[in-house]
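Data first, discussion second: the structure below is written as structure tokens.
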Amino acid sequence: MKKYKSPQDIKVGVIGYGGAFNMGKCHLDQMQQAGMTPVAVAEIDPARLAVAQQDFPGIGTFKSVAQMLKKSDVNLIVIITPHNTHAKLATQCMRAGRHVVCEKPLAITTAEVDAMIATAQKHRVMLSTYHNRHWDGCILEALKRVKKNKEIGDIVRIDAHMCVYEKPGNWWRSSRSISGGILYDWGVHLLEYSLQLIESNITEVSGFSHSGFWAQKTRWKTDTNEDEAYAVVRFKSGQWLTLHFSQIDAKGKDSHLSISGTKGTYAFDYHRYQIHKKSTQKNSMIDRPHPDGTQHLYYQNIADYLTGKAKLIITPEWSRRPIHILDLAVKSAQQGTALKAKYK
């Protein structure tokens, strides 16, 4: 695979410049901060291309991916379009010899991911997923206290959840065929956290879901995300993980991740963490805010990898694990049986 002399030599671009969070600009800004050079934007909306020109004067703007690949010398392309487009667009770019970063989730199915990995290997290009939350303060602190310091003993299980009672919005993330379903959007974040804590191989996944309550009240009708979905993941180590997302849970949950160990429980949301310990002598509880995260290290690692200074941290094989869990959970819920995990 080609390496570059300096980060400035890595010419970067994005596919997609729209969205409520202005993600196109966010990615280009972060890549520029890591020393790389923004040169291209592909976007079907002319108004958003005009915004890109204002944000990055002189940047190349293109109405299609094919046009970008033909007329620009971009080396690294970030795909920030809806989930169901990632596999096709990434494959198109990699076949043209470009390195690719996909917004999370990398793709919707295991088969898509495996095909993407094979394409990257064949064309000797980099493939990664924008798992910038790998460096969130909440998981960095959990790794230090739970994994390194063993403050709650040995991990027995992890419960990951986001539960509310609200109608799905009318944007594409509420469409099952576009987004992958209710588990995908935030589930991929929480799984990526969890898989840093439990390193054992996945053995099987059981999925459960309920659909139909909100469906007729949204623009997507029968294609609306599930009202609720639940998955249980077994690991070879004997540990297990539950993943629970709901839009019909009137009580909700008081944390996003709850890690149960032999000596206590560590629970956190995106603002604070708590450590609960109970014994015959005394009970104790710590409640503190998280330290700051270091999310900028994602693109710093990409720049270092492409200049031969570091190993790639978020490899496509690493990104495959949460997708495989999500894919198996959806299929298990449909088939009503647990499904075995498969490794290449």
Side-chain angles (χ1 to χ4, degrees), residues 1 12-16 19 21 23-24 26-27 30-31 65 76-96 98-136 139 160 172-173 175-196 201-202 205 231 233 243 245 295 298-299 301-302 305-306 311-331 341-344:
M1 188 182 75
V12 298
V14 296
I15 299 175
F21 307 110
M23 293 298 289
C26 288
H27 280 276
Q30 290 172 27
M31 288 188 284
V65 175
L76 167 62
I77 297 173
V78 183
I79 298 170
I80 52 178
T81 53
H83 304 165
N84 67 333
T85 66
H86 289 182
K88 182 178 179 180
L89 291 173
T91 299
Q92 182 181 2
C93 294
M94 291 188 291
R95 285 176 176 168
R98 270 52 172 217
H99 305 296
V100 169
V101 167
C102 275
E103 255 292 358
K104 47 204 168 291
L106 177 55
I108 290 179
T109 69
T110 309
E112 287 177 332
V113 173
D114 288 343
M116 293 163 76
I117 292 172
T119 301
Q121 293 172 343
K122 178 179 179 180
H123 294 276
R124 297 179 60 80
V125 294
M126 182 200 74
L127 174 64
S128 183
T129 307
Y130 183 63
H131 277 302
N132 60 323
R133 290 186 175 274
H134 188 86
W135 292 271
D136 274 354
I139 187 59
W172 63 263
R173 292 176 189 270
S175 160
R176 197 182 312 187
S177 62
I178 299 175
S179 72
I182 193 173
L183 291 177
Y184 276 76
D185 203 19
W186 282 100
V188 74
H189 292 293
L190 300 189
L191 285 175
E192 206 272 339
Y193 289 160
S194 301
L195 293 170
Q196 292 184 60
N201 279 353
I202 304 155
V205 178
V233 185
L243 185 67
F245 279 73
Q295 293 185 2
Y298 175 79
Y299 275 124
N301 176 249
I302 295 293
Y305 173 70
L306 291 176
K311 291 183 178 181
L312 185 63
I313 294 175
I314 306 300
T315 64
E317 291 79 13
W318 172 259
S319 303
R320 181 188 187 274
R321 298 182 73 207
I323 301 305
H324 194 39
I325 290 172
L326 295 169
D327 185 20
L328 290 175
V330 170
K331 290 175 179 174
K342 294 181 180 180
Y343 288 88
K344 287 273 186 177

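Using a 4.5 Å heavy-atom threshold, the side chains of I79 and V100 count as touching.
Residues Q196 and I139 come closest through the heavy atom pair NE2-CG1, 3.9 Å. Here the closest heavy-atom approach between residue P322 and residue L191 is recorded as O-CD1, 3.7 Å. Y298 approaches S128 most closely through the heavy-atom pair OH-OG, 2.8 Å. Residues S179 and H83 share a closest heavy-atom pair of O-ND1, 2.8 Å. Listed here is the closest heavy atom pair of G24 and V14: O-CG1, 4.1 Å. Considering every non-hydrogen atom in both L190 and F245, the closest pair reads CD1-CZ, 3.9 Å.
Exactly one residue among D114, V113, I108 makes a side chain to side chain contact (heavy atoms under 4.5 Å, CB included) with T110. That residue is D114. For the side chain to side chain contact (heavy atoms under 4.5 Å, CB included) criterion with W318, the lone passing option out of L195, L106, I313 is L195.
Judged purely by distance below 3.5 Å, without hydrogens or angles, the side chains of H27 and E103 pair a donor atom with an acceptor atom.
Under the side-chain contact (heavy atoms from CB on, under 4.5 Å) criterion, A329 pairs with L183, V205, A231, not counting sequence neighbours.
D185 places no side-chain N or O within 3.5 Å of a backbone atom of G180 that could act as its donor or acceptor partner. Here the side chain of H123 pairs no donor or acceptor atom with the backbone of A96 at under 3.5 angstrom. Put simply, the side chain of Y343 gets close to the backbone of I202: a donor and an acceptor are under 3.5 Å apart.
Screening residues 82-95 for salt bridge (Lys or Arg N to Asp or Glu O under 4.0 Å) gives no qualifying pairs among residues at least two apart or on separate chains.
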- request: Determine, stepwise, if the pair V188 / L326 fulfils side chain to side chain contact (heavy atoms under 4.5 Å, CB included).
  value: CA-CA 8 Å; V188 74; L326 295 169; 4.3 Å; yes

task: Might you work through the side chain to side chain contact (heavy atoms under 4.5 Å, CB included) test for R320 and T315, ending with a clear yes or no?
output: CA-CA 9 Å; R320 181 188 187 274; T315 64; over 6 Å; no

message: Between I314 and E192, does the side chain to side chain contact (heavy atoms under 4.5 Å, CB included) criterion hold? Intermediate values first, please.
response: CA-CA 10 Å; I314 306 300; E192 206 272 339; 4.1 Å; yes

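Within the model, atoms OH of Y305 and NE2 of H99 stand 8.0 Å from one another, a figure rounded to the nearest 0.5 Å. Distance check: M31 CE to C26 SG gives 11.0 Å after rounding to the nearest 0.5 Å. Atoms CG and CD1, from L328 and I323 in turn, are 11.0 Å apart once rounded to the nearest 0.5 Å. The CE atom of M94 sits 10.5 Å away from the CG atom of L89 when rounded to the nearest 0.5 Å. Expressed to the nearest 0.5 Å, how far CZ of R98 lies from CG of L76 amounts to 11.0 Å.
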